[in-house]
Asker: 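This is the structure I want to talk about, given as structure tokens.
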Amino acid sequence: MHQHALSLNSHSFSPQYALSLSNFTLQSPNPLQFRVPYVSSSVCLRSRSSAADVSPVRYTDGSSSIGSLGETGGIVVTEKPIDVATLGNLCVDIVLSVQELPPPSRGERKALMDELSLSPPDKKYWEAGGNCNMAIAAARLGLQCVAIGHVGDEIYGEFLLDVLHEEGIGTVALDGETNAKDASSFCETLICWVLVDPLQRHGFCSRADFKEEPAFGWITDLSDEVKMAIRESKVIFCNGYDFDDFSPGFIMSTIDYATKVGTAIFFDPGPRGKSLSKGTPDERRALSHFLRMSDVLLLTSEEAEALTGIRNPVQAGQEILRNGKGTKWVIVKMGSKGSILVTKSSVSVAPAFKVEVVDTVGCGDSFVAAIALGYIRNMPLVNTLTIANAVGAATAMGCGAGRNVAKRHQVVDLIKASKLNDEENLLKELLAENPETPKVNLLSKGMRKEGSNKEQIEIISMEKVASELLPELEHGRCCVKVSS
């Protein structure tokens, strides 16, 4: 995920098949924009898994529903042929080594970006960024994905579409009416300059940093094609950077439409959450709408505290659930410590995998891809966290995001090795000053005795979780049944 406004980080740097969607047209008048191989009025999506269910879709606002939710909150009936749609935030990352990162001065950063933009760098420095990271990670886990967004009619847009389609990801164009002024830079593909200094610190900079209005604020309505893509998807993923692309009003209308047609909303505010909470009235209203209406919220522990004023991540998650209208899961990412998943009836805890971290860019995006997998496949909650931690850790072992995010075999290797960080300190931190904690499901390295104890902690061994995940991962199905 790219970061607008200069941000410094101290970390180190298939087979084809057709999904039959009646009247689902993904073609654009511009042959370079949002291409999907066309096969006899069907949308052809390439993936690394077997063909998806292509039975007719039923909606919650129609004569029948999409199906019921399981005890864990995952979708049981998989009648929608697309697993995950991502909204906006499609950009090309250009990763360059620099002797020193630019100062925070807005003017100096703008001058540097203008200088870098004079001529395109060699393609070896280009990579798909933004929500492409999540979509690629999800596709590699066997999910059927569609990226909804806008790219320009130039070499960067063509590159981005080529990468997505090579990964088996469909694309749907978000376009709108533009005037003469809009016809140039306002319609171009977003570029994020990722600058890396000798200490492997990162600086991020894009043209969105220097505009008061969203980059594609002229997109005001959902087209029939976009509506169809949302209706046909089980999950739509949005993040805080969508506010750099679209107006708050457009974002709220998209949330409302997804809710209307029974598509689960995943939202990760990311670093933009803090600025949005202090933004314009429209931005604050849209952020609040996301927090109320999302089915799954993904936050870092710092973000959870900033939103609630509560330091304990379990209590913060419970507070968010109480204030949410449709919220089923609140997931708090705690970096090298691990992650937790809070529902109204339980807290699931999974310590992180021990890996040598090379670059954390894209880890959060990879993590949410696996959370979507667990939600859709109705996995046990601890299994969902475990595979998400593994996918995030596998991405951290490589350099950069885009096509460098985790591959399936890397995830398999991590789960086989089952090297977890210590859960004791993590558990103590979570339970401290939290007498009302509901049932806790704890992933353990195996040193504890499996089962329940007087503290209402259900111990689940890594050995058991691995035995359930590995057969599916190794066979490429990634469809795990709920454990009894």
Asker: Does K337 NZ have over 12 foreign heavy atoms under 6.0 Å away?
Answerer: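 Counting neighbours around NZ of K337, 12 or fewer heavy atoms of other residues, nucleotides or ligands fall under 6.0 Å, so no.
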Asker: Suppose we screen for side chain to side chain contact (heavy atoms under 4.5 Å, CB included). Which residues come up paired with N404, at least two apart in sequence or across chains?
Answerer: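 Per chain and number, N404 pairs via side chain to side chain contact (heavy atoms under 4.5 Å, CB included) with E127.
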Asker: Does atom CZ (R284) have a neighbourhood of more than 12 heavy atoms from anything else shown, all under 6.0 Å?
Answerer: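 Atom CZ in R284 is crowded, with more than 12 foreign heavy atoms closer than 6.0 Å.
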Asker: Can you name the residues that form a salt bridge (Lys or Arg N to Asp or Glu O under 4.0 Å) with D282, not counting sequence neighbours?
Answerer: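 Partners of D282 by the salt bridge (Lys or Arg N to Asp or Glu O under 4.0 Å) criterion, ordered by chain and then number, come out as R285.
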Asker: For R231, does its backbone N or O pair with a side-chain atom of K80 as donor and acceptor, under 3.5 Å?
Answerer: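 Between the backbone of R231 and the side chain of K80 there is a qualifying donor-acceptor contact (under 3.5 Å).
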Asker: May I ask you to decide if the ring planes of W218 and F216 are parallel, tilted or perpendicular, using 30° and 60° as cut-offs?
Answerer: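 The arrangement is perpendicular - the two ring planes meet at more than 60°.
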Asker: What pairs meet the ring pair (Phe, Tyr, Trp, His ring centres under 6.0 Å) rule with one or both residues in residues 336-374, with sequence neighbours excluded?
Answerer: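 As it turns out, there is no ring pair (Phe, Tyr, Trp, His ring centres under 6.0 Å) pair with a partner in residues 336-374 once direct neighbours are skipped.
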Asker: Would you confirm whether D245, through its side chain, and N89, through its main-chain N or O, come within 3.5 Å as a donor-acceptor pair?
Answerer: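 Answer holds: yes.
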Asker: Are any side-chain N or O atoms of R403 and backbone N or O atoms of E167, one a donor and one an acceptor, separated by less than 3.5 Å?
Answerer: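 No, R403 side chain to E167 backbone: no donor-acceptor pair under 3.5 Å.
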Asker: Let's go through E319 and T308 carefully: what are the C-alpha distance in whole Å and the side-chain angles of both, what is the deciding distance for side-chain hydrogen bond (donor to acceptor under 3.5 Å, both in side chains) to 0.1 Å, and is it a yes or a no?
Answerer: CA-CA 7 Å; E319 178 67 14; T308 63; over 6 Å; no
Asker: side-chain hydrogen bond (donor to acceptor under 3.5 Å, both in side chains) for R292 and S288? Distances and angles first, verdict last.
Answerer: CA-CA 6 Å; R292 285 197 311 271; S288 178; 2.8 Å; yes
Asker: Whether the side chain of S247 engages the backbone of F250 through a donor-acceptor N/O pair (distance < 3.5 Å, no angle test) should be reported.
Answerer: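 The answer is yes, because a donor-acceptor pair under 3.5 Å joins these two groups.
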Asker: Salt bridge between K333 and D268, side-chain N to carboxylate O under 4.0 Å?
Answerer: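 Yes.
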Asker: Would you call K110-D114 a salt bridge at under 4.0 Å N-O?
Answerer: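 Salt bridge flag = yes for D114 with K110.
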Asker: Inspect the surroundings of OH in Y257 and state if more than 12 heavy atoms from other residues, nucleotides or ligands are less than 6.0 Å away.
Answerer: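 Yes, because the 6.0 Å sphere around OH of Y257 holds more than 12 heavy atoms from other groups.
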Asker: Main chain of S345, side chain of T343: is a donor-acceptor contact present, judged purely on distance under 3.5 Å?
Answerer: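 Answer holds: yes.
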Asker: For a side-chain contact (heavy atoms from CB on, under 4.5 Å) check, start with the C-alpha distance between V465 and I460, then their side-chain angles and the critical distance, and finish with the verdict.
Answerer: CA-CA 7 Å; V465 172; I460 303 170; 3.7 Å; yes
Asker: I need the L420 CG to M462 CE distance, nearest 0.5 Å.
Answerer: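 If I round to the nearest 0.5 Å, the distance is 5.5 Å.
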Asker: Mind checking what makes side chain to side chain contact (heavy atoms under 4.5 Å, CB included) contact with K416, not counting sequence neighbours?
Answerer: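 With neighbours one apart ignored, the set is V412, L470, E474.
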Asker: Side chain to side chain contact (heavy atoms under 4.5 Å, CB included) with K344: which residues, sequence neighbours excluded?
Answerer: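 Scan of K344 (side chain to side chain contact (heavy atoms under 4.5 Å, CB included), adjacent residues dropped) gives L321.
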Asker: Does any part of the side chain of K464, heavy atoms only, come nearer than 4.5 Å to the side chain of V382, both counted from C-beta?
Answerer: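 No. Closest side-chain heavy atoms not under 4.5 Å.
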Asker: Quick one: side chain to side chain contact (heavy atoms under 4.5 Å, CB included) partners of A394, sequence neighbours excluded?
Answerer: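 Result, side chain to side chain contact (heavy atoms under 4.5 Å, CB included) vs A394: A406, Q410, V411, L414.
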Asker: Which class fits the ring pair Y156 and W126: parallel under 30°, tilted 30 to 60°, perpendicular over 60°?
Answerer: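 Judged by the thresholds at 30° and 60°, the geometry between Y156 and W126 is tilted.
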Asker: Would you please indicate if the ring centroids of Y375 and F266 are separated by under 6.0 Å?
Answerer: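 Centroid separation for Y375 and F266: below 6.0 Å.
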